[in-house]
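Remarks on the structure that follows.
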Amino acid sequence: MEILKNRDDKLKEIKEEVLKCQKCLLYKSRNYPVIGEGNHKTKIMFIGEAPGAQEDKTGRPFCGAAGKILDELLKSVNIKRENVYISNILKCKPPNNRDPQKEEIEACCSYLERQIKIIKPEIICPLGRYSMQFLMEKFGLENEIEPIGKIHGKVFKTKTVLPGIFLIPLYHPATVTYNLNMKEILKKDFKILEKFKY
Ligand code: URA
Ligand code: SF4
């Protein structure tokens, strides 16, 4: 119980820091930062890129169109959203949904790193290629980076920071909104999470 309390407190500290954060210019245009939410004792973390318009309005990750697809994918493998933890690399929305910039990722990524170290999941699923690239580099898998089309759904084992965690790159759920075929591919990839008997 003591450990659990500690974990909650440490995540709350991050939340308070992010609410005041001005480490990159995105703080100027954001409405609400999106810190992350879910089970602090989870075995699975999903890491997206950055908040979109809907997330910026509510402060909640994956609550718009991509979130609906993520919910459907979780349901397809009987995983409850409240049993996982969902966060992003960037905590503030980039203007006009543009791609995250290198300096923004550098400024923001320590929050995510701390979240991962506090939660210590067994499985990390990067959603989309930015998250995949960032997390594979972070965890000592830089030599195994290939296009997401080639390594989505593949299971890697982290080598540094927190060694021994399974890292499974997945396509970003938003890809389904412009290519319906992606849903079946994502569903197939999600099946691997069932094998971990979460
Ligand atoms: N896309 C993301 O990468 N993250 C969100 O929270 C929402 C959409
Ligand atoms: Fe701070 Fe990250 Fe928001 Fe930039 S994106 S202001 S680094 S919380």
Side-chain angles (χ1 to χ4, degrees), residues 10-39 42 44-75 79 81-119 121 124-138 148 152 167-179 182-183 185-186 189-190:
K10 285 183 194 162
L11 288 166
K12 199 163 164 239
E13 263 171 39
I14 295 177
K15 182 176 181 172
E16 275 151 20
E17 285 174 46
V18 171
L19 285 169
K20 294 186 297 212
C21 183
Q22 303 189 350
K23 286 202 284 180
C24 82
L25 291 176
L26 294 181
Y27 83 91
K28 289 194 179 191
S29 50
R30 77 175 180 214
N31 246 312
Y32 289 104
V34 177
I35 294 137
E37 67 177 23
N39 187 332
T42 189
I44 311 181
M45 280 181 89
F46 291 93
I47 316 289
E49 271 169 33
Q54 204 58 32
E55 290 76 21
D56 179 67
K57 280 185 200 147
T58 59
R60 297 192 51 226
F62 284 93
C63 65
K68 262 197 197 129
I69 293 154
L70 180 60
D71 288 345
E72 194 183 329
L73 292 163
L74 287 169
K75 206 165 171 210
I79 295 175
R81 184 175 167 125
E82 59 265 33
N83 283 344
V84 303
Y85 194 88
I86 306 173
S87 192
N88 286 302
I89 303 182
L90 293 188
K91 309 307 190 204
C92 305
K93 176 186 162 309
N96 309 315
N97 267 341
R98 66 154 168 73
D99 291 339
Q101 286 174 359
K102 205 166 163 263
E103 315 81 71
E104 292 160 355
I105 293 178
E106 272 165 19
C108 204
C109 68
S110 66
Y111 296 122
L112 175 65
E113 268 182 71
R114 283 162 63 197
Q115 288 173 317
I116 295 173
K117 283 186 186 158
I118 294 164
I119 293 172
I124 296 182
C125 296
L127 300 172
R129 63 196 173 93
Y130 281 95
S131 181
M132 175 193 88
Q133 170 101 21
F134 171 78
L135 290 163
M136 287 184 82
E137 280 173 8
K138 182 65 38 196
I148 194 158
H152 66 91
L167 189 141
I168 311 173
L170 299 170
Y171 278 117
H172 196 288
T175 53
V176 176
T177 60
Y178 49 83
N179 179 355
M182 295 303 297
K183 195 190 273 183
I185 297 174
L186 265 161
D189 286 350
F190 262 69

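What you see is a predicted model; the values in this text were computed from it and never measured. In this chain, numbering begins with 1 at the start of the sequence shown. Each ligand, and each atom within it, is numbered from 1 in the order the structure gives. Hydrogens, waters and symmetry mates play no part in the numbers below; they use all other heavy atoms, side chains included.
- A heavy-atom separation below 4.0 Å is found between N88 and ligand 1.
- Using a cut-off of 4.0 Å between Lys/Arg side-chain N and Asp/Glu carboxylate O, E106 and K102 are scored as salt-bridged.
- The environment of N179 atom CG is dense: over 12 non-hydrogen atoms of other residues, nucleotides or ligands sit within 6.0 angstrom.
- Near Y27, with a cut-off below 4.0 Å to any heavy atom, the atoms of ligand 2 are 6 (S).
- Residue K23 has at least one heavy-atom neighbour below 4.0 Å for each of these atoms of ligand 2: 1 (Fe), 7 (S).
- Under a 4.0 Å criterion applied to the non-hydrogen atoms of E49, ligand 1 contributes the atoms 2 (C), 3 (O).
- Only the backbone of A50 comes within contact range of ligand 1, with a heavy atom under 4.0 Å; no side-chain atom does.
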Assess whether side-chain contact (heavy atoms from CB on, under 4.5 Å) is satisfied between M182 and H152, documenting all intermediate values. CA-CA 12 Å; M182 295 303 297; H152 66 91; over 6 Å; no

Chi angles and distances behind the side-chain contact (heavy atoms from CB on, under 4.5 Å) call for D56, V34: CA-CA 7 Å; D56 179 67; V34 177; 5.8 Å; no

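- Ligand 1 is never approached by Q54 to a heavy-atom distance shorter than 4.0 Å.
- Only the side chain of E55 comes within 4.0 Å of ligand 1, counting heavy atoms alone; its backbone N, CA, C and O stay farther away.
- The protein atom (non-hydrogen) at minimum distance from atom 4 (Fe) of ligand 2 is C24 SG, 2.4 Å.
- In terms of protein heavy-atom proximity, atom 3 (Fe) of ligand 2 is closest to C92 SG, 2.3 Å.
- Every atom of ligand 1 is numbered from 1 in the order shown, and the set under 4.0 Å from a heavy atom of G48 is 3 (O).
- Taking a cut-off of under 4.0 Å to the non-hydrogen atoms of C21, the atoms of ligand 2 that pass are 1 (Fe), 6 (S), 7 (S), 8 (S).
- None of the N, O or S atoms belonging to C108 lies under 2.8 Å away from atom 3 (Fe) of ligand 2.
- Judged purely by atom type and a 3.5 angstrom limit, S131 has no side-chain atom pairing as donor or acceptor with the backbone of G128.
- The distance from atom CG of N88 to atom CD1 of I47, rounded to the nearest 0.5 Å, is 8.0 Å.
- Here the two rings, on F190 and F46, have centers that are under 6.0 Å apart.
- Ranking the protein heavy atoms by distance from atom 1 (N) of ligand 1 puts H172 NE2, 3.3 Å first.
- E37 has a carboxylate O that lies under 4.0 Å from a charged side-chain N of R81, or vice versa, which qualifies the two as a salt bridge.
- Polar contact check, F62 against ligand 1: a nitrogen or oxygen pair lies under 3.5 Å apart.
- Considering I44, I119, I168, I116 in turn, I116 is the only one that fulfils the side chain to side chain contact (heavy atoms under 4.5 Å, CB included) rule with I124.
- Remark: ligand 1 atoms within the under-4.0 Å shell around heavy atoms of P61 are 6 (O).
- Residues C109 and F134 meet the side-chain proximity criterion, which asks for heavy atoms closer than 4.5 Å.
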